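Below: the structure, in structure tokens.
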Amino acid sequence: MAATLSTLAYLVAAVLFILALRGLSHPTTSRRGNLYGMVGMGIAIVATLLRPGMGGGGIGLIILALAIGGGAGAYIASRIQMTALPQLVAAFHSLVGLSAVFVAAAAFYAPESFGIGHAGEIHGGSLVEMSLGLAIGAITFSGSVIAFAKLQALMSGAPITFKGQHWLNLGLGILLLVLVIAFVASGSAALFWLIAILAFALGFLLIIPIGGADMPVVVSMLNSYSGWAAAGIGFTLSNLLLIVTGALVGASGAILSYIMCKGMNRSIINVLLGGFGTDAGGAAAAGGGGGGERAPVKAGSPEDAAYIMKNAQKIIVVPGYGMAVAQAQQVLREMGDLLKKEGAQVEYAIHPVAGRMPGHMNVLLAEANVPYEDVKELEEINPEFAEADVAFVIGANDVTNPAAKTDKSSPIYGMPILDVERAKTVFFIKRGMASGYAGVDNELFFRPNTMMLFGDAKKVTQEIVQALQRD
Ligand code: NAP
């Protein structure tokens with residue numbers, strides 16, 4: 001009876017997780033989606049605690065682990081800056097990978113507790129699940145640690161490449177497969193640990209050549225791997241819900257990676273092989289404004305911007321990473337409201353990889369209560385720039401850089417961009433002439449229809465709001 005109830009509860013939790021994913025696909029339903037996810041997880045935890053065979057001591061340990069893990073998670077989540085979320089996600093993925101390694105080791109050394117045989121006589125199927133969970137978990141762990149270190153600037157974000165790198169990775173991948181087969185045939189402890197070491201090394205080697213603009217895709221791919229690792233643990237533990245949830249995370253992470261690759265006009269294989277933009281990135285970054293015969297940069301004041309926008313009919317706001325750093329979303333919405341009152345049409349253009357995580361700009365604009373109908377995706381808004389009086393670029397850079405269309409040597413070549421330069425006037429709010437995430441110069445700063453508004457995004461926008469209110 002208890003077993004049936006627990007299975008039923010798992011089914012309900014699985015359905016809630018699916019509804020959560022569905023809800024999270026749109027800003028209007030995302031809160032509800034989150035709620036479904038939390039309720040589903042609550043049900044899953046209670047159902048696990050009530051499963052038959054769960055001794056009192058086991059429950060005590062689980063509750064202790066939940067309190068420590070949940071407490072640490074709640075503490076970190078409440079303190080984390082929005083801009084540091086990608087590295088936090090990478091760090092969390094590394095823990096999922098590591099736990100898959102631990103579960104595999106536990107199952108290998110105490111098979112009786114898992115009901116998968118006896119020491120030295122583990123069922124063949126269980127050895128397959130165990131070794132796959134171990135390999136994927138170890139790759140996820142070390143890969144995520146490198147992604148974390150790169151995003152947190154603990155190591156250089158530039159691709160680290162060397163000759164024959166892809167062949168080495170391919171060779172190690174094949175060797176890993178051979179070791180898995182040999183381990184399944186022999187059940188040898190030495191092979192178990194060889195698989196772990198090789199997979200840790202492979203995770204490290206796979207991520208070091210990936211740099212710059214490709215990191216978001218990698219974090220999403222690691223998310224997918226962590227899901228598959230969890231599904232692997234689910235098989236080892238014979239836990240249906242873990243299999244379903246792991247597969248959901250694995251599949252949704254893979255789909256998100258695909259969507260992001262499409263957004264950047266890259267093939268997933270190309271991203272995963274890494275090393276993208278190695279030379280070009282350095283050269284372009286080193287170029288840093290010294291391009292020789294460039295027109296001088298035209299700098300304006302917040303008053304100038306207010307005056308021009310007051311007389312504009314159509315304004316397209318392009319938010320980017322700098323808006324997130326400055327936390328300028330609230331005052332940006334105030335500016336939009338004032339301009340709307342003046343009779344202007346104000347829309348917000350979202351690039352799929354603006355900011356530092358998928359949906360970064362959507363979340364910030366939603367937090368500031370910008371109406372959803374004013375927020376437009378790249379394909380939808382791009383044709384509108386030609387009719388816009390003003391493109392108001394606030395803390396965005398790479399996502400507007402036309403080098404992505406023309407310069408084959410640029411590390412962002414091929415990424416679709418927001419065509420801001422087609423607007424009559426383009427404002428760029430940024431603190432100086434620094435490049436963006438990909439480390440490349442943006443020639444738009446030197447165009448005749450561009451006016452730079454130098455300063456912190458929040459401060460400059462506040463001054464524009466004051467100027468709009470004064471007149
Ligand atoms: P970006 O190219 O990184 O440019 C952001 C600009 O904001 C910088 O040039 C910086 O210039 C300015 N800035 C920084 N702090 C500011 C402040 N307080 N006030 C005003 N300006 C400030 O950003 P983006 O156009 O949003 O492009 C995103 C980039 O990140 C892409 O290359 C993308 O591939 C990459 N990426 C995306 C994700 C994702 O999932 N969305 C994840 C990781 C990486 P100053 O220093 O001169 O002020």
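Quantities reported herein were computed from a predicted structural model and do not represent experimental measurements. Read the numbers this way: they start at 1 and go in the same order the structure lists the ligands and their atoms.
Residue G455 places a heavy atom under 4.0 Å from ligand 1.
Residue contacts with ligand 1 for A328 are absent, since no atom lies close enough (heavy atoms, distance under 4.0 Å).
At a 3.5 angstrom cut-off on N or O pairs, G432 counts as close to ligand 1. Checking only distances, P352 never comes within under 3.5 Å of ligand 1, N or O to N or O. Between M260 and ligand 1, a contact under 3.5 Å exists for no N or O pair.
A 6.0 Å sphere centred on CZ of F235 holds no more than 12 heavy atoms belonging to other residues, nucleotides or ligands. Within 6.0 Å of the OH atom in Y75, the count of heavy atoms belonging to other residues, nucleotides or ligands does not exceed 12. No more than 12 heavy atoms of other residues, nucleotides or ligands lie within 6.0 Å of CZ in F102, so this atom counts as exposed by the packing criterion.
Looking at V244 and Y10, their side chains never come closer than 4.5 Å, going by heavy atoms from C-beta outward. Using a 4.5 Å cut-off on side-chain heavy atoms (C-beta onward), V426 and L444 make no contact.
Applying the side chain to side chain donor-acceptor pair (under 3.5 Å) rule to pairs touching residues 137-160 yields Q87-Q152, sequence neighbours excluded.
For ligand 1 and A396, the ligand atoms under 4.0 Å from any heavy atom of the residue are 25 (O). Within ligand 1, the atoms closer than 4.0 Å to a non-hydrogen atom of D398 are 2 (O), 25 (O), 27 (O), 29 (C), 31 (C), 32 (O), numbered from 1 in the order shown.
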Apply side chain to side chain contact (heavy atoms under 4.5 Å, CB included) to residues L418 and N382 and explain how you reach the verdict.
CA-CA 6 Å; L418 290 162; N382 255 351; 4.0 Å; yes
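Counting only non-hydrogen atoms, the option in G359, P86, S435 that gets closest to atom 8 (C) of ligand 1 is S435. Around atom 5 (C) of ligand 1, the closest heavy atom drawn from G320, G436, G395 belongs to G395. For atom 24 (P) of ligand 1, the nearest non-hydrogen atom from the set V218, I394, N397, L418 belongs to N397. When the options G322, P319, G355 are ranked by their closest heavy atom to atom 12 (C) of ligand 1, first place goes to G322.
Once rounded to the nearest 0.5 Å, the distance linking CZ of F148 with CG of L154 reads 5.5 Å.
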